[in-house]
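Numbered from 1 within each chain, the chains take letters A, B, ... in sequence-line order.
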There are 2 protein chains.
Amino acid sequence: MRDGRKVTLSDVAAHVGVSAITVSRALRTPEKVSLKLREEISRAIDLLGYVPDPAARALASSRTDVIGVIIPSVTNSVFADVLRGIYTAVEKTPFDIQLGNTRYSPLKEEKLLKVFLGQKPAGLIVSGIDQSERGRSLLETASCPVVQIMETGENPVDIMIGFSHYEAARAATIHLIEQGYRKLAFMGARMDPRTQRRFQGFRQAAAEAGLFSEERVVTTAEPSSVSLGSQLFCELIEQAPDLDAVFCINDDLALGVMFEAQRRRLSVPDRLGICGFNDLEMMAAAEPPITSVRTFRYEMGKRAVEMLLEAIAVGRGHRGTIVDLGFEVRKRASTARGSCGASD
Amino acid sequence: MRDGRKVTLSDVAAHVGVSAITVSRALRTPEKVSLKLREEISRAIDLLGYVPDPAARALASSRTDVIGVIIPSVTNSVFADVLRGIYTAVEKTPFDIQLGNTRYSPLKEEKLLKVFLGQKPAGLIVSGIDQSERGRSLLETASCPVVQIMETGENPVDIMIGFSHYEAARAATIHLIEQGYRKLAFMGARMDPRTQRRFQGFRQAAAEAGLFSEERVVTTAEPSSVSLGSQLFCELIEQAPDLDAVFCINDDLALGVMFEAQRRRLSVPDRLGICGFNDLEMMAAAEPPITSVRTFRYEMGKRAVEMLLEAIAVGRGHRGTIVDLGFEVRKRASTARGSCGASD
DNA sequence: CTCAGTCATGTTAGCGCTGTCACGCAACGA
DNA sequence: TCGTTGCGTGACAGCGCTAACATGACTGAG
């Protein structure tokens, strides 16, 4: 501000003695402006405290430096990690993040998509592959690159980066079986489509070994938490007292199960195996350390942005790229049955 | 879109047979447009799929519906809760959130403030009271209401909502002393100003009881985590083997301490009392449940937005409002030394 | 019947910036 | 000498919307 009035491009231009467009170019395409002018302009900008008006820029050029990010939840620590990756990658660029929160509702997602796309974003990052039909077609006709994160699947809208929740759950279940567990239980909360696919992976692996039983499944629509894990475990063990291992849809639940097991003096891993999902930092630190499926959330966010920037630079071209970041079953004490402990 | 061309206000206006400004009014100040036209316009908007261009609106009216939120970290679960409150409160309003991430750097905060203020936000929510001098003066001359969250203190820029970290830490420490602990230790990570004030609260309470010792203090600049809690506890007990209670700057550290205590077969709470800070959900679910200082993060975010909206409605007026949300020491088993257990 | 007052709608201009094209000038080959 | 090319700069218009004022139809008091 200067005299309480906004400092504009023309103010800077007048101060240097050039036209406004030259200042604009000095900012956006410096290579088109002579070095001497560039320096003078830069000095004037500092002196006057000029800050570009993004609204005016967006209006004039029908482009913005905004990358829209649409995720189901800001609270969920899984997305927190993804966001950290996203913010890190965006930090050294001129782009801004605009966050949208679907709260796991496809309808809200659709509405957000409309709003975001109306703002002519430079790019869009959306979570998952389960857009509503209208949402999907909005994405397909979007005039900016789109990255779908969290999951891989058929038919990417544009770019896709994630991993297979089905395979990850399957691998974890196989690990439990390999450790000698036979009465496998499944615990799920907030059964969104991603979670459903994890369940399918569990079910498939268990069924293949002839170990699947509907009785040893608890799910709820409630959002997961540590205490919910404890609570669901109580239900689970009541309806199937002979269970010997639990695969939990996420680490919060797994931790809750472990605490409840301690409360009930069920020894982990001998009497009860526990496997979580996501491999939050605390799983390795727990006592005993808890087996979990490691996913590369930070990397996912980071690479999503990097790929988006690349696509922005060349203009939509990579259509169809799918990056599978994979996963890793981190085997820890909570499922280390057999080697030393006795089974019952 | 329609014929690949953006649908504008005038398109809607032409379709209904009115002028553009009438459509604009139907959207912004419906009470100034006759019911009949309003309905026709609304139908036309749906039919054509019109989405307002926020950039054009911002440029023409020098106002936006954006509330800037500047916080140190998106990852930190403390801020995740605050954000949840903010998003919840904003959800039913026409306002959008623009998130900025200072990464605990006052310089970055200053830069963000400049950028945000350049966008003429409707309001601003900033974290804490430790802005740099320039940052502070930017806030003071801002032409929108400003809410400082997370902490209370002297001289609010405008509105302030939070609690006293000093008093909260002090109360927790007094609780430890009351429980009979005498060799009080302090564990801190990422020692930002807020954390420093917690340390001062601990120090004061301990010193008043003649129980403060520099030897029983560990701090680090690293960001906190559960495993860091375990690790720091190892250091702590090495340098002060006789400690009998730890006050941790946050719950991650506290959980790490508890796991490490279990590993070392130190009984909690008899041999070791543990107190965390923030009262994350998992603290009550842990085994044993861990004492922590409950803070009202969700409420803070929610009320910050509500107060902001009010201030926006009346135009900056509440200057100087300070809302202290207080805190609550949740006494649980991890500090229930002796006979009497704690509830909750 | 007149005239101020009210209400619903329209006209005009311009927010701050950039796309587009035009222009002046130096360097260079024919 | 002229044309050609390329570079750096400027003039102008217009992005989509709304502030401010203007207009016209209608109301009701005097």
Side-chain angles (χ1 to χ4, degrees), chain A residues 1-2 4-41 44-45 48-66 94 115 117-122 143 315, chain B residues 1-2 4-41 44-45 48-66 94 115 117-120 122 143:
Chain A
M1 301 285 170
R2 200 165 170 85
R5 186 148 270 86
K6 195 172 202 307
V7 180
T8 71
L9 256 196
S10 335
D11 296 334
V12 177
H15 191 265
V16 177
V18 295
S19 74
I21 189 70
T22 301
V23 179
S24 170
R25 277 198 277 255
L27 257 42
R28 304 298 161 199
T29 49
E31 72 280 4
K32 291 187 179 168
V33 176
S34 66
L35 182 63
K36 183 170 152 289
L37 270 187
R38 236 149 63 203
E39 282 170 348
E40 281 183 53
I41 288 170
I45 286 176
L48 301 178
Y50 169 70
V51 179
D53 182 332
R57 174 167 147 71
L59 186 56
S61 67
S62 12
R63 292 183 300 109
T64 61
D65 283 347
V66 171
V115 172
L117 287 172
Q119 303 184 26
K120 312 157 195 148
S143 53
Chain B
M1 302 284 171
R2 199 164 171 83
R5 187 146 271 88
K6 195 173 205 303
V7 180
T8 70
L9 256 196
S10 333
D11 296 333
V12 178
H15 191 267
V16 178
V18 295
S19 74
I21 189 69
T22 302
V23 179
S24 169
R25 279 197 276 253
L27 258 42
R28 305 297 160 199
T29 48
E31 72 280 4
K32 291 187 178 168
V33 176
S34 67
L35 182 61
K36 182 169 151 291
L37 272 186
R38 236 149 62 201
E39 281 169 350
E40 281 184 55
I41 287 171
I45 286 175
L48 302 178
Y50 167 70
V51 179
D53 182 332
R57 173 168 148 72
L59 187 57
S61 66
S62 18
R63 291 183 300 110
T64 61
D65 283 347
V66 171
V115 172
L117 287 172
Q119 302 184 25
K120 312 157 194 148
S143 54

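The shortest non-hydrogen separation linking A:Arg38 to A:Ala26 is CG-CB, 4.4 Å. Closest non-hydrogen pair, A:Leu9 versus A:Ala20, comes out as CD1-O, 3.8 Å.
Note that the CD1 atom of B:Ile41 and the NZ atom of B:Lys36 stand 10.0 Å from one another [nearest 0.5 Å]. The distance from atom NZ of A:Lys6 to atom OG of B:Ser143, rounded to the nearest 0.5 Å, is 10.0 Å. Here CD of B:Glu40 is found 10.5 Å from CG of B:Leu35. Values are rounded to the nearest 0.5 Å.
Residue B:Arg38 is classed as having no contact, given no heavy-atom separation below 4.0 Å to the nucleic acid.
Taking atom CG on A:Leu59 and atom P on C:dG14, their separation rounds to 16 Å, with Å as the unit. With rounding to whole Å, B:Leu9 atom CG is found 15 Å from C:dT9 atom P. Between the CG atom of A:Asp11 and the C1' atom of C:dG16 there is a distance of 10 Å, given to the nearest Å. Going from atom CG of B:Asp53 over to atom C1' of C:dC17 covers 13 Å, rounded to whole Å.
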Can you check nucleotides 22-27 of chain C for protein contacts, nitrogen or oxygen pairs under 3.5 Å, and list what you find?
none

Could you list all N or O pairs between the protein and nucleotides 10-13 of chain C that sit under 3.5 Å apart?
residue : atom : partner : partner atom : Å
C:dG10  : OP2  : B:Ser19 : N            : 2.9
C:dG10  : OP2  : B:Ser19 : OG           : 3.0
C:dG10  : OP2  : B:Thr22 : OG1          : 2.6
C:dG10  : N7   : B:Arg25 : NH2          : 2.8
C:dG10  : O6   : B:Arg25 : NH1          : 3.4

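Residues of residues 26-35 of chain A that place a heavy atom closer than 4.0 Å to DNA chain C, in numerical order, are A:Arg28.
Direction of the helix axis in the helix from C:dC1-D:dG30 to C:dA30-D:dT1 shifts by 50° between the two five-pair termini, rounded to 10°.
For residues 14-34 of chain B, no pair satisfies salt bridge (charged side-chain N to carboxylate O under 4.0 Å, His left out), with sequence neighbours left out.
Residues meeting the side chain to side chain contact (heavy atoms under 4.5 Å, CB included) test with A:Ala122, sequence neighbours left out: A:Phe95, A:Ile312. A search for side chain to side chain contact (heavy atoms under 4.5 Å, CB included) contacts involving B:Ala44 returns B:Val12, B:His15, B:Val16, not counting sequence neighbours.
Residues B:Ser34 and B:Leu37 meet the side-chain proximity criterion, which asks for heavy atoms closer than 4.5 Å. Looking only at side-chain heavy atoms (C-beta outward), B:Ile45 and B:Leu27 come within less than 4.5 Å of each other.
On the nucleic acid side, DNA chain D has its first and last nucleotide under 4.0 Å of a heavy atom of chain B at D:dG16 to D:dA19, going 5' to 3'.
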Distance-only donor-acceptor pairs under 3.5 Å for side chains of residues 49-59 of chain B, two or more places apart:
residue : atom : partner  : partner atom : Å
B:Asp53 : OD1  : B:Ala55  : N            : 2.7
B:Asp53 : OD1  : B:Ala56  : N            : 3.2
B:Asp53 : OD2  : A:Lys120 : NZ           : 2.7
B:Arg57 : NH2  : B:Asp65  : OD1          : 3.4

